Amino acid sequence: MSQSPKTLQAIRGMNDILPDEIGAWQQIEARFRELLGAYGYSEIRMPVVEKTELFKRSIGEVTDIVEKEMYTFEDRNGDSLTLRPEGTASCVRACIEHGLLHNQAQRLWYMGPMFRHERPQKGRYRQFHQVGVEAFGMEGPDIDAELILLTARLWRVLGLTDVSLEINSLGTAAARAAYRDVLVGYLDAHRGQLDEDSLRRLHSNPLRILDSKNPAMQGLIEAAPRLADHLDVESQAHFADLRAMLDAAGVAYRVNPRLVRGLDYYSRTVFEWVTDRLGAQGTVCAGGRYDGLVE
């Protein structure tokens, strides 16, 4: 007996954008282009596929993205390739490859699909569309403030009101390494309270434990040593200046000492715009500095 052919469907977590939805997408994309152009940012377009090593070196081999979420495959030449899970590493690679960073500052932006093998849920898909903004060659907190003010203006342009800003400082790599030792000592002494995921991260990526959403661990996390108490003097001054700029511009924010972000390349300023209207995925926009990434 012949069987009817199986119905072909889109991959779970990867969605079609139908004609009756396109108008809204184009309108939002036009707002992005207009605003970013007004701030002096130029568009750049990178490949969707990169060498796997690029993401391992930049994002970090013991991050969730590299360990569990990347779409990685071997091509016919035996090279390991990956669908890009984020855009910063690709943008930095493109800037280095094409000499865009030699004795010059750059303001760049890009738009397009990214790919992560996550459990699909409201506000989180396996193919998701992202706008990214990168600035190179500017050391002061004023560029951090510029990017945060840019995003604040974007919410006004789009008419979004239910988003709030959280900021933190991760300090320099050296300060973070010293704090890491203190944190591991504290967590190791309370090993019995750690869940399976935290035990796995304890010696590989302990700062991510601070970002755990497990209710049973919140008391332990709240009592943990704070990174803010271990920051180097320069990072403290940088963060204080950023806060003064945001205050002067009238941008409301909350300092969240547990905000660490999930990628290894961040340093000093990190920020997230969050909402309670997207279910488990509450982050609308996020970023920070990555002073050591180009090197």
Side-chain angles (χ1 to χ4, degrees), residues 13-46 48 84-88 90-91 106-116 118 120-135 138 141-168 242-243 245-256 259 261-263 266 269-290:
M14 300 186 181
N15 303 313
D16 300 308
I17 303 168
L18 302 178
D20 62 352
E21 302 171 300
I22 286 294
W25 281 73
Q26 291 174 336
Q27 191 173 39
I28 291 172
E29 290 167 359
R31 298 286 185 274
F32 279 124
R33 285 194 172 89
E34 183 180 352
L35 180 64
L36 291 166
Y39 272 82
Y41 286 77
S42 301
E43 185 178 4
I44 185 172
R45 301 187 184 187
M46 300 88 64
V48 172
R84 62 186 185 194
E86 58 97 46
T88 296
S90 294
C91 187
Q106 292 284 356
R107 285 176 168 85
L108 302 171
W109 73 273
Y110 49 83
M111 182 188 307
M114 311 290 168
F115 304 85
R116 297 186 192 178
E118 300 187 279
Q121 54 191 290
K122 185 177 182 180
R124 176 176 286 180
Y125 304 107
R126 290 177 175 175
Q127 176 177 313
F128 57 96
H129 296 263
Q130 187 178 78
V131 175
V133 178
E134 316 287 355
M138 290 159 269
D142 47 347
I143 191 62
D144 308 18
E146 175 180 290
L147 286 165
I148 292 172
L149 291 172
L150 187 159
T151 52
R153 178 168 295 196
L154 178 61
W155 312 143
R156 291 198 297 274
V157 168
L158 295 178
L160 297 184
T161 55
D162 296 326
V163 289
S164 57
L165 175 64
E166 297 184 352
I167 62 174
N168 193 23
L242 170 64
R243 293 177 63 181
M245 292 175 190
L246 295 179
D247 291 340
V251 175
Y253 60 86
R254 180 176 79 91
V255 177
N256 178 1
L259 177 59
R261 303 293 300 134
L263 297 85
Y266 285 119
T269 304
V270 289
F271 68 89
E272 289 188 2
W273 289 93
V274 297
T275 182
D276 59 5
R277 296 183 62 184
L278 284 176
Q281 176 63 359
T283 302
V284 176
C285 170
R289 294 190 70 92
Y290 44 84

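All of these numbers come straight from a predicted model, not from anything done at the bench.
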- Query: If every non-hydrogen atom of Phe128 is compared with every non-hydrogen atom of Gln130, which pair is closest and at what distance?
  - Reply: CE1-NE2, 3.8 Å
- Side-chain donor/acceptor of Thr269 to backbone N/O of Arg289, under 3.5 Å: no
- Message: In the structure I gave you, are the side-chain heavy atoms of Arg243 and Val255 within less than 4.5 Å of one another anywhere?
- Response: yes
- Partner of Glu146 by side chain to side chain contact (heavy atoms under 4.5 Å, CB included), out of Asp144, Leu149, Ile143, Ile148: Ile143
- Note on the structure: Residues Cys91 and Leu108: closest non-hydrogen pair is SG-CD1, 4.1 Å
- Query: With a 4.5 Å heavy-atom cut-off, do Tyr110 and Thr88 have their side chains touching?
  - Reply: yes
- Query: Is there a donor-acceptor contact under 3.5 Å from the side chain of Asn168 to the main chain of Leu259?
  - Reply: yes
- Message: Counting C-beta onward and ignoring hydrogens, is there a side-chain heavy-atom pair between Arg107 and Tyr39 closer than 4.5 Å?
- Response: no
- Query: When you measure from the side chain of Arg126 to the backbone N and O of Met14, does any donor-acceptor pair fall under 3.5 Å?
  - Reply: no
- Query: Taking all atoms of both residues into account, what is the closest heavy-atom pair of Val251 and Tyr253, and its distance?
  - Reply: O-CD2, 3.4 Å
- Using a 4.5 Å cut-off on heavy atoms from C-beta on, say whether the side chain of Leu36 contacts that of Leu150. yes
- Taking atom CD of Glu34 and atom CD of Glu29, what is their separation to the nearest 0.5 Å? 14.0 Å
- Query: Can you name the closest pair of heavy atoms from Glu134 and Gly87 and give their distance?
  - Reply: OE2-C, 4.4 Å
- side-chain contact (heavy atoms from CB on, under 4.5 Å) between Ile167 and Leu246: does it pass, once the steps are laid out? CA-CA 11 Å; Ile167 62 174; Leu246 295 179; 4.2 Å; yes
- Message: Please report the interatomic distance CZ(Arg33) to CE(Met111), rounded to the nearest 0.5 Å.
- Response: 4.5 Å
- Message: Would you say that Pro85 contacts Met114 through its side chain, given a criterion of any heavy-atom pair below 4.5 Å between the two side chains?
- Response: no
- Query: Are the side chain of Arg84 and the backbone of Met46 linked by a donor-acceptor contact shorter than 3.5 Å?
  - Reply: yes
- Message: Side chains of Glu86 and Arg116, heavy atoms from C-beta outward: is any pair under 4.5 Å?
- Response: yes
- Message: If you compare all heavy atoms of Gly288 against all heavy atoms of Phe271, which two are closest, and at what distance to 0.1 Å?
- Response: N-CE2, 3.8 Å
- For the student: nearest non-hydrogen atoms of Tyr41 and Ala135, plus distance: OH-CB, 4.2 Å
- Taking the side chain as every heavy atom from C-beta outward, state whether Val163 and Thr151 have any pair of such atoms under 4.5 Å apart. no
- Chi angles and distances behind the side-chain contact (heavy atoms from CB on, under 4.5 Å) call for Asn256, Glu272: CA-CA 10 Å; Asn256 178 1; Glu272 289 188 2; over 6 Å; no
- Query: Going by heavy atoms in the side chains, are Trp155 and Val284 under 4.5 Å from each other?
  - Reply: yes
